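Keep in mind that this is a model prediction, so the values were computed, not measured. In what follows, chains carry the letters A, B, and so on, assigned in the order in which the sequence lines appear, proteins first and then strands, with residues in each chain numbered from 1.
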Protein chains: 2
Amino acid sequence: MVAPSLRARVRAGMIDEIKAVARRHLANDGANLSLRAVARDMGMVSSAIYRYFPSRDDLLTALILEAYNALGDAVEAADAAVDRADLRGRWHATCRATRSWALAHPAEYALLYGSPVPGYAAPDDTVAPAQRPPLTLVGILRDGVADGRLQPPADELPEPLRADVAELGALLSVDLPPALLARGMAGWTQLFGLISFELFGRINRMLPHRDEYFDHQTALMADLIGLSSAG
Amino acid sequence: MVAPSLRARVRAGMIDEIKAVARRHLANDGANLSLRAVARDMGMVSSAIYRYFPSRDDLLTALILEAYNALGDAVEAADAAVDRADLRGRWHATCRATRSWALAHPAEYALLYGSPVPGYAAPDDTVAPAQRPPLTLVGILRDGVADGRLQPPADELPEPLRADVAELGALLSVDLPPALLARGMAGWTQLFGLISFELFGRINRMLPHRDEYFDHQTALMADLIGLSSAG
DNA sequence: TCCATTCCGAGAGCACCGCTCTCGCAGAGC
DNA sequence: GCTCTGCGAGAGCGGTGCTCTCGGAATGGA
């Protein structure tokens with residue numbers, strides 16, 4: 001690793017500043033990020049931005065990558081803070097951390113999990129960061145099966161599906177009974193739906209105690225999976 | 001009701017044609033609908049569109065309203081086609097109809113359930129059509145409780161939440177035990193998450209048998225609710 | 001030290017967008 | 001037949017992403 005030249009360091013600082021300004025615009029104005037507005041905020045002309053990002057989509061991709069990793073950090077830290085044996089506590093901590101991050105960064109959450117921008121295709125280097133939250137959830141299941149605290153469901157999946165889910169598990173490098181992994185995916189799907197409804201929808205605008213509602217809904221999924229508390 | 005004049009009929013036809021062309025553009029180009037492109041397709045100049053829709057958002061609102069009602073029609077028809085006593089069959093039919101409509105109209109589904117457009121606020125006359133799919137689902141629960149086929153969960157919800165959910169049930173004009181309604185909402189949330197993941201995400205791009213996966217996931221929620229088949 | 005190379009910001013410009021305003025025409029109603 | 005209303009065309013404003021050129025400045029090797 002050669003020491004970066006002054007130019008390289010200035011350039012990296014510029015890239016960081018552009019991303020910071022863009023993130024601020026995202027939080028204020030929503031998803032329609034304007035390159036020209038970012039440039040104006042930095043006292044530059046719009047064409048100068050293109051020295052650092054070849055297109056608006058590339059800037060968005062950079063923001064998406066950072067957002068995925070910020071969410072992954074928050075989720076993994078929340079899981080790590082709970083006693084390893086307390087499967088149910090870890091599940092709740094992970095779910096709550098996801099929701100908290102989403103409520104604190106709604107525009108970035110929408111960027112990650114909202115409707116895709118029509119012309120935009122996520123590059124391959126986003127899939128690994130994108131898998132961190134669901135991997136944290138299935139990690140709880142893996143630990144539970146490993147030490148016997150978590151009983152897999154009695155029924156196995158019917159065949160065309162069992163092979164699919166087993167292959168998906170292999171792809172995620174988790175060795176779980178497919179029927180259990182399917183329930184974990186149900187929990188992840190439910191979590192995503194809960195947060196999206198709370199952020200985007202107006203269905204539960206009439207539920208004043210949203211924290212309690214969220215905890216109860218994730219508890220339902222913890223029951224479905226069979227997660228137990230510690231002890 | 002006075003007979004509409006020729007002018008009024010021509011105008012109504014124009015509005016319909018604009019909406020049809022706009023819907024086609026939506027399906028092809030995604031969410032970023034261009035008024036000028038619609039006008040070009042109709043051989044008009046862009047300013048002429050404003051004779052019929054005061055703004056682009058109003059056109060979008062009209063499309064959203066039609067989409068909600070199209071989805072509601074499909075969902076209610078699917079539920080009505082199943083034996084009233086077959087609660088589980090009705091649940092699956094309703095879920096499948098929702099998914100089928102979404103897969104057939106991905107852009108309109110994204111319009112309804114995707115990330116909200118930043119400056120856009122849905123007017124009040126969209127909430128009633130928007131409630132038709134979830135109302136169909138809770139209708140299944142209502143029928144099940146009414147004829148005794150569906151046993152509510154034994155545990156009642158803890159207090160701050162129980163009152164919230166009870167009030168929500170009253171607002172939807174369904175008299176259900178709050179704990180059961182909460183499970184129904186879990187099913188609706190799960191359904192939305194499943195469809196959104198399939199349409200937007202790339203997590204289950206690696207599940208070839210998506211129909212089977214969908215059916216299994218909705219069956220898990222039917223189990224959680226306690227829905228039984230007929231007989 | 002000098003010079004060629006590289007990098008970068010400014011500016012003009014293109015095509016597109018939503019939206020407003022004016023103008024002239026044609027049909028509807030009196 | 002006349003007036004009034006509705007409608008399409010056109011020009012125009014400010015905004016967008018993006019491209020290209022130009023000139024200045026810093027870099028790094030001779």
Original post:
side-chain hydrogen bond (donor to acceptor under 3.5 Å, both in side chains) between B/Thr61 and B/Asp58: does it pass, once the steps are laid out?
Top reply: CA-CA 5 Å; B/Thr61 299; B/Asp58 290 87; 5.6 Å; no

**OP:** Name the closest nucleotide to the A/Ser47 side chain, picking from C/dC19, C/dG11, D/dG17.
**Re:** C/dG11

Original post:
To the nearest 0.5 Å, how far apart are CE in B/Met206 and CG in A/Leu172?
Top reply: 7.0 Å

Subject >> Nearest-0.5 Å distance, CG of residue B/Leu137 to CZ of residue B/Arg142 >> reply: 11.5 Å

**OP:** Take the angle between the ring planes of B/Tyr68 and B/Tyr113 and call it parallel below 30°, perpendicular above 60°, tilted in between.
**Re:** perpendicular

Roughly how many Å is it from [atom1] in [X] to [atom2] in [N], rounded to a whole number?
X: A/Leu35; N: C/dC16; atom1: CG; atom2: C1'; result: 15 Å
X: B/Arg40; N: C/dC16; atom1: CZ; atom2: P; result: 7 Å
X: A/Tyr50; N: D/dC18; atom1: OH; atom2: P; result: 4 Å
X: B/Asp57; N: C/dC17; atom1: CG; atom2: P; result: 16 Å
X: B/Leu60; N: C/dG18; atom1: CG; atom2: P; result: 10 Å
X: A/Arg56; N: D/dC18; atom1: CZ; atom2: P; result: 8 Å
X: A/Met44; N: D/dG17; atom1: CE; atom2: P; result: 13 Å
X: B/Phe53; N: D/dG8; atom1: CZ; atom2: P; result: 13 Å

Base [N] to side chain [X], donor-acceptor N/O within 3.5 Å cut-off:
X: B/Arg36; N: C/dG18; value: yes
X: B/Ser55; N: C/dG18; value: no
X: B/Ser34; N: C/dG18; value: no

Original post:
Does the pair A/Arg210/B/Asp164 count as a salt bridge with the N-to-O cut at 4.0 Å?
Top reply: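 Here A/Arg210 does not pair with B/Asp164 in a salt bridge, since their nearest N and O are not under 4.0 Å apart.
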
Original post:
Taking NZ, NE, NH1 and NH2 as the nitrogens, is one of them in A/Asp215 or A/Arg96 under 4.0 Å from a carboxylate oxygen of the other?
Top reply: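 Yes, A/Asp215 and A/Arg96 are salt-bridged.
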
**OP:** With side chain to side chain contact (heavy atoms under 4.5 Å, CB included) as the test, would you mind laying out the steps for B/Tyr213 and A/Met185 before giving the verdict?
**Re:** CA-CA 11 Å; B/Tyr213 176 72; A/Met185 294 169 69; 3.2 Å; yes

**OP:** Under 4.0 Å between any heavy atoms, over every strand shown, what does B/Leu33 touch: base, sugar-phosphate, or nothing? Just pick one.
**Re:**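 Sugar-phosphate, backbone atoms only, no base.
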
Nucleotide N/O to protein N/O under 3.5 Å, stretch nucleotides 1-8 of chain C:
| unit_1 | atom_1 | unit_2 | atom_2 | d |
| --- | --- | --- | --- | --- |
| C/dT6 | O2 | A/Arg7 | NH2 | 3.4 |
| C/dC7 | O4' | A/Arg7 | NH1 | 3.4 |
| C/dC8 | OP1 | A/Arg11 | NH1 | 3.2 |
| C/dC8 | OP2 | A/Arg11 | NH1 | 3.0 |

